[in-house]
Amino acid sequence: MLFTKPWASLCLLAGSLTGVLSLGLSEDPDIKAISLRTHSLEPPYLDSDMHSRWWEYGGDTIIRTDQYIRLASDKPSRDGWLFSRVPLTATNWEIVVEFKVHGQGNLYGDGFAMWLTKQRAQPGPVFGHADKFEGLGIFFDTYKNNRPGTVFPYIAAMNGDGQTAYDKDNDGKANEVAGCSARGIRNSQVPTKARLTYFQDSFLKLELQYKAEDEYTLCFDIPNFKVPPVAYLGFSAETGELSDNFDIISVKSHNLYKRNPGQNAASGATKPGKTASSMSRDTEGGSWTWFLVKFVLFGLSITGAYVGYTIYRTKQRDRF
């Protein structure tokens with residue numbers, strides 16, 4: 001199909017906007033993002049003395065410095081953990097985790113978890129970490145115990161109060177504040193990523209990349225969510241009779257600030273009833289609508305000029 005130049009430009013712009021919508025807030029021009037080295041991780045993972053300055057690991061965790069940190073291997077009864085040594089104290093943040101869940105068998109389990117909790121590096125029965133935690137736990141559950149009508153793998157978030165036990169027998173159903181199914185997250189053909197974004201007292205949002213590169217799917221967006229102001233970032237995994245490999249490839253964390261001086265830049269505050277993500281979508285929608293209006297007006301002006309010129313030429317011929 002052939003396009004005239006205006007339509008070709010319009011199609012190219014539409015494609016570029018689709019790409020922008022997949023970007024995180026750390027790449028938003030209205031947001032200032034500062035990398036958090038203390039909570040980021042990439043190969044070779046370890047320092048020259050074979051330790052990590054900012055991270056601690058234990059249990060059955062295996063580190064292959066050129067490829068991955070394997071929290072649990074594709075063998076029965078394995079569990080391991082990886083935790084930051086210092087707490088995450090940023091008010092607003094974005095964490096992008098590249099991970100890989102894979103194995104050989106058609107039957108597999110149990111899963112891995114992402115933590116932002118007051119407890120740090122405490123092994124236990126909840127995907128390799130302690131139960132009755134205080135803070136946020138996000139569970140990437142690959143084995144269904146007892147949850148009819150739910151497609152697995154399933155991802156669920158729990159806001160722990162330090163006293164409530166995780167509902168393990170029912171795959172966390174009693175504790176879940178939000179969640180989603182992610183059928184293709186295991187043995188995916190593209191890099192699998194989780195992007196977790198938090199603005200204090202505003203929202204907590206989780207997006208997943210597993211269908212195509214640079215294409216994120218919203219898992220959940222919770223308004224008015226509270227993460228402990230001082231929490232450790234961590235990951236853990238476990239296998240039972242069934243098993244899989246649970247690998248962490250990289251972690252990229254950013255502290256986020258609003259650039260707009262008319263708003264509270266220190267806290268990232270947004271208008272009442274608006275999350276930062278919805279404001280970004282509103283801005284994108286308004287810009288797109290204004291572009292279409294300008295494009296139509298430009299087309300009408302060109303058409304009007306052409307019609308006027310045609311009438312002028314016709315009258316000039318009729319005079320002679």
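- Within the 4.5 Å cutoff, side-chain heavy atoms of L256 are placed close to those of F199.
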Discussion item. Using the rule given for side-chain contact (heavy atoms from CB on, under 4.5 Å), can you reason through L71 versus I62, listing the C-alpha separation, both sets of side-chain angles and the distance that settles it, and then say yes or no?
Written reply: CA-CA 7 Å; L71 301 173; I62 298 171; over 6 Å; no

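- Contact check on R120 versus E56 returns a salt bridge, with a Lys/Arg side-chain nitrogen under 4.0 Å from an Asp/Glu carboxylate oxygen.
- Of the possible donor and acceptor atoms, one in the side chain of D244 sits under 3.5 Å from a partner among the backbone N and O of G103.
- In this structure, A237 and A72 approach most closely via the heavy-atom pair CB-CB, 4.0 Å.
- Counting heavy atoms from C-beta outward, P191 and Q209 have side chains that approach closer than 4.5 Å.
- There is no side-chain donor-acceptor pair under 3.5 Å between D74 and H102.
- Residues T217 and E207 form no side-chain contact, since every pair of their non-hydrogen atoms from C-beta on lies 4.5 Å or further apart.
- Between the K100 side chain and the N187 main chain, no donor and acceptor come within less than 3.5 Å of each other.
- A donor-acceptor pair is defined here as one N or O able to donate and one able to accept, closer than 3.5 Å; such a pair exists between the side chain of S188 and the backbone of V190.
- Remark: the backbone N or O of S253 is paired with a side-chain donor or acceptor of S40 at under 3.5 angstrom.
- Contact of the I248 side chain with the Y68 side chain is not registered, since no non-hydrogen atoms from C-beta on lie closer than 4.5 Å.
- S250 places no side-chain N or O within donor-acceptor distance of the main-chain N or O of E42, the cut-off being under 3.5 Å.
- Crowding of F83 atom CZ: a count of heavy atoms from other residues, nucleotides or ligands under 6.0 Å exceeding 12.
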Item to complete: Could you walk me through whether T192 and V101 pass side-chain contact (heavy atoms from CB on, under 4.5 Å), step by step?
Response: CA-CA 9 Å; T192 46; V101 178; over 6 Å; no

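- Considering all non-hydrogen atoms of both residues, L46 and S52 come closest at CD2-N, 4.2 Å.
- To the nearest 0.5 Å, atom CD of residue Q122 and atom NZ of residue K132 are 13.5 Å apart.
- Contact of the K144 side chain with the D171 side chain is registered, since non-hydrogen atoms from C-beta on lie closer than 4.5 Å.
- When the shell of 6.0 Å around NZ of K75 is examined, it contains 12 or fewer heavy atoms from other residues, nucleotides or ligands.
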Item to complete: Please test R85 against W54 for side-chain contact (heavy atoms from CB on, under 4.5 Å), starting from the C-alpha separation and ending with a verdict.
Response: CA-CA 5 Å; R85 292 183 182 272; W54 303 116; 5.6 Å; no

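- With a 4.5 Å cut-off on side-chain heavy atoms, V230 and K118 do not count as touching.
- Residues L196 and W93 have side chains in contact (heavy-atom distance under 4.5 Å, counting atoms from C-beta outward).
- Of all heavy-atom pairs spanning G184 and Y210, the tightest one is C-CD1, 3.6 Å.
- Here D201 pairs with K226 in a salt bridge; the nearest charged N to carboxylate O distance falls below 4.0 Å.
- Classification of R259 and D30 as a salt-bridged pair fails, no side-chain N sitting under 4.0 Å from a carboxylate O.
- No side-chain donor-acceptor contact under 3.5 Å links W55 and S84.
- Note: F112 and F235 fail the aromatic proximity criterion, with ring centroids not under 6.0 Å apart.
- With hydrogens and angles disregarded, no donor-acceptor distance shorter than 3.5 Å links the side chain of Y143 to the backbone of T239.
- To the nearest 0.5 Å, the span separating OH on Y45 from CG on L82 amounts to 10.0 Å.
- Residues A194 and F99 approach most closely at N-CE2, 3.7 Å, considering heavy atoms.
- At a threshold of 4.5 Å between non-hydrogen side-chain atoms, the residues L233 and V251 count as touching.
- Heavy atoms only, all atoms of each residue included: V97 and M114 are closest at CG2-CE, 4.1 Å.
- Formation of a donor-acceptor pair under 3.5 Å by the T61 side chain with backbone atoms of G58 is found in this model.
- With hydrogens and angles ignored, the 3.5 Å screen pairs no side-chain donor or acceptor of T117 with any backbone N or O of E134.
- The structure places CG of D60 at 12.5 Å from CZ of R70, a figure rounded to the nearest 0.5 Å.
- Remark: N224 engages no residue in a side chain to side chain donor-acceptor pair (under 3.5 Å) (not counting sequence neighbours).
- Between the side chain of H39 and the backbone N or O of V86, at least one donor-acceptor pair lies under 3.5 Å.
- A salt bridge links R147 to E176: at least one charged side-chain nitrogen sits closer than 4.0 Å to a carboxylate oxygen.
- Between F139 and W115, a ring centre-to-centre spacing shorter than 6.0 Å is recorded.
- Nearest heavy atoms, T91 versus Q200: CG2-OE1, 3.2 Å.
- Judged purely by distance below 3.5 Å, without hydrogens or angles, the side chains of D167 and N175 never pair a donor atom with an acceptor atom.
- In terms of modelled atom types and a separation under 3.5 Å, the side chain of H51 and the main chain of D49 share a donor-acceptor contact.
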